[in-house]
Protein chains: 2
Amino acid sequence: MTRFALTVEYDGRPFMGWQRQDHGPSVQQSIEEAAFAITGERTAVHAAGRTDAGVHATAMRAHLDIAKPIAAFRLSEALNARLRPNPVAILACEEVADDWHARFSCTGRSYEYRIINRRAPLTWEKGLAWQIAQPLDEAAMHEAAQLLIGQHDFTTFRSAHCQSASPVKTLNKLDVLREDDLVMVIAQARSFLHHQVRSMVGCLAMVGLGRWSVADMGDALLAADRARLGLNAPPDGLFFMGASYPPTTDGR
Amino acid sequence: MTRFALTVEYDGRPFMGWQRQDHGPSVQQSIEEAAFAITGERTAVHAAGRTDAGVHATAMRAHLDIAKPIAAFRLSEALNARLRPNPVAILACEEVADDWHARFSCTGRSYEYRIINRRAPLTWEKGLAWQIAQPLDEAAMHEAAQLLIGQHDFTTFRSAHCQSASPVKTLNKLDVLREDDLVMVIAQARSFLHHQVRSMVGCLAMVGLGRWSVADMGDALLAADRARLGLNAPPDGLFFMGASYPPTTDGR
């Protein structure tokens with residue numbers, strides 16, 4: 001048995017999310033089926049983050065175990081060939097130690113949320129960004145974002161379906177940047193609650209639109225009450241950007 | 001009659017190109033039909049560049065004449081509403097002088113060609129970039145590109161269907177830049193021959209792959225012979241980025 005770590009890019013639009021679902025296609029299932037077609041083995045693919053329906057990844061990390069001898073490069077090429085026409089691409093594949101786990105060994109996750117701030121509808125970025133027609137004040141958004149940095153009870157920003165044992169998480173980074181029409185929110189933490197990034201971005205948009213003050217963001221956090229959520233941003237603009245691992249278990 | 005100048009973004013994937021065609025949808029037709037639905041007038045929409053099937057635009061300039069009184073902002077909003085679900089967006093709309101012509105007044109056009117240089121297939125960029133799996137030497141590509149700058153007979157880089165009176169054009173800029181996996185070619189000229197950018201990019205790719213030397217590019221240009229073309233790049237990666245106009249006739 002060899003464990004392989006994968007770096008995976010995917011377009012979330014046609015999927016019910018990362019995780020296998022009975023009612024529709026998932027990224028996990030598409031990779032598992034590609035691996036089965038190559039090896040004849042039923043193997044589970046574990047990811048650093050289980051993204052929701054419509055959420056994308058530029059560099060999801062995942063792993064799978066294969067009994068049949070196969071070189072990492074050949075596995076990667078064969079997976080990419082079998083994954084067509086699904087919009088899922090294996091960017092990298094390498095052998096790792098048997099105890100390396102894409103989810104449990106992961107010590108940091110980063111997301112980017114893309115807002116296109118213009119009146120005109122989206123063309124090729126439809127489903128790949130959140131279009132907001134009214135002008136956003138990105139400086140106020142960034143200021144409000146800084147109130148969320150650190151260790152907090154993030155209940156306000158947590159889905160009712162969240163399975164995490166505790167609502168307490170430590171947010172390391174939440175930056176809001178503008179490049180012309182594009183307003184980007186960059187979030188980094190060891191781990192996130194279900195819907196946490198989208199909920200934080202939704203509330204930042206409230207601040208950017210002037211419907212919330214910067215102080216309203218602090219109040220919403222302190223309330224630790226889901227009913228105080230301003231807005232949950234749509235999945236379209238969310239990208240899983242990368243996961244980090246301790247160097248000794250990364251295998252690289 | 002009022003003349004309006006438009007700035008148009010579009011995803012070229014579903015279209016036969018800018019220009020009206022009997023055998024399939026075009027960007028021009030979609031805007032003309034939207035305008036007809038608003039005004040009841042059959043008006044022609046003229047563009048700075050007639051892009052091919054599958055070619056995109058971030059800022060195509062175009063104009064149309066409307067007899068019915070309508071404010072530029074209302075026209076823009078109404079066009080965007082009527083253009084759905086076509087991936088065409090009016091980014092800007094303004095009144096211009098009656099003799100301002102999107103094509104004939106235009107004094108500069110700029111294109112960007114996007115190559116994604118990686119083994120893995122494309123996901124959300126499929127149809128929006130040219131994937132080249134073998135490593136490209138972008139420095140050699142840039143060096144070869146500089147041989148094309150200036151006034152030349154570009155017959156080698158011209159489609160057999162080109163309707164231009166002369167194959168002589170003046171290329172002002174042809175830069176090749178890399179940002180990680182993305183290799184971008186930026187081209188600027190007063191005007192281009194049909195397929196000129198794609199043909200130049202195709203030959204630059206030959207240089208980048210080491211199949212052509214830098215000198216081969218110079219030889220191909222001097223030959224002024226379409227049979228010497230190395231490769232015509234696919235439309236996927238080509239974006240019309242903008243058009244410039246003399247300030248006095250721009251209307252802005």
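Just so it is clear, the model here is predicted, and its values are computed rather than measured. Labels below follow one simple rule: chain letters A, B, ... track the order of the sequence lines, proteins then strands, and each chain is numbered from 1.
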Worksheet item: Considering residues at least two apart in sequence or located in another chain, which fulfil the salt bridge (charged side-chain N to carboxylate O under 4.0 Å, His left out) criterion with A:K173?
Response: A:D175
Worksheet item: Is there any residue in residues 13-45 of chain B with a non-hydrogen atom under 4.5 Å from a non-hydrogen atom of chain A, and which ones are they?
Response: B:R13
Worksheet item: Roughly how far, to the nearest 0.5 Å, is the CG atom of A:L91 from the CG atom of B:D181?
Response: 8.0 Å
Worksheet item: Most heavy-atom pairs under 4.5 angstrom with chain A, which of B:L128, B:L122, B:T123, B:L79?
Response: B:T123
Worksheet, complete the sentence: Applying a strict 4.5 Å limit to non-hydrogen atoms, the region of A:E125 in contact with chain B is neither
Worksheet item: Within residues 51-58 of chain B, which positions have a heavy-atom distance to chain A below 4.5 Å?
Response: B:H56, B:A57, B:T58
Discussion item. Is A:I90 close to chain B through its backbone or its side chain, or both, or neither, when contacts mean heavy atoms under 4.5 Å?
Written reply: backbone
Worksheet item: What pair of heavy atoms forms the shortest contact from B:Y10 to A:W124, and how long is it?
Response: O-CZ3, 3.0 Å
Worksheet item: What's the shortest heavy-atom distance between A:A89 and B:A120, and which atoms?
Response: CB-CB, 4.0 Å
Worksheet entry | Neighbours of chain B found in residues 80-88 of chain A - heavy atoms under 4.5 Å | A:N80, A:R84, A:P87, A:V88
